[in-house]
Amino acid sequence: AFPDDTIKIWDVSDFHCEKTMLGGGQNFAVNGLAAMRHGVAAGGSSEITRLYSVDDSAVLRSWDVETGTCISSTPGHELGIKGVVARNGEVITSSLDMTVKLWDPLSL
């Protein structure tokens with residue numbers, strides 16, 4: 001990823017960029033992304049999807065995919081975060097500080 005601190009959501013039917021989300025403003029390249037469904041939106045209209053991003057700022061960010069806004073920025077490591085996985089109702093991050101952390105997505 002280019003170190004411009006952005007995440008882009010693309011429409012695969014015609015390959016145009018639908019959204020550009022700006023990270024923490026520190027111009028770090030995004031090191032990892034993971035997505036998780038969180039349930040049904042009010043009124044049952046659609047599923048709520050969260051995107052999680054990590055970078056060298058040592059912060060785990062949670063994004064609302066529909067609006068493109070950052071919901072939370074959670075510091076949790078001493079050094080840059082290099083990996084993120086979201087599955088089975090948990091978010092897992094790994095860092096250059098030699099730790100792996102398990103997160104409850106409802107607390108992010």
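For clarity, every value in this text was computed on a predicted model and none was experimentally measured. One-based numbering along the sequence shown.
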[X] side chain to [Y] main-chain N or O, any donor-acceptor pair under 3.5 Å?
X	Y	result
Thr49	Met36	no
Lys19	Thr69	no
Ser95	Leu79	yes

To the nearest 0.5 Å, tell me how far [X] [atom1] sits from [Y] [atom2].
X	Y	atom1	atom2	result
Leu33	Leu51	CG	CG	5.0 Å
Met21	Thr67	CE	OG1	9.0 Å
Glu18	Lys8	CD	NZ	12.5 Å
Ile71	Arg61	CD1	CZ	13.5 Å

Between [X] and [Y], what is the shortest heavy-atom contact and its length?
X	Y	answer
Cys70	Ser72	SG-O, 3.4 Å
Ala86	Ala34	N-CB, 3.6 Å
Trp103	Gly76	CH2-CA, 3.7 Å

ILVMFWY cluster, [X] and [Y] together (side-chain gap under 4.5 Å):
X	Y	result
Leu60	Val85	no
Leu96	Val54	no
Val84	Val59	no
Val30	Ile9	yes

Fill in: Passing candidate, side chain to side chain contact (heavy atoms under 4.5 Å, CB included) with Lys101, options Thr93, Thr74, Ile81
Thr93
Worksheet item: Any chance CD of Glu78 has more than 12 other-residue heavy atoms, nucleotides or ligands included, within less than 6.0 Å?
Response: no
Worksheet entry | ILVMFWY cluster membership beyond Leu102 - transitive side-chain contacts under 4.5 angstrom | Ile92, Val100
Discussion item. Any heavy-atom pair between the side chains of Asp64 and Arg50 that's under 4.5 Å?
Written reply: yes
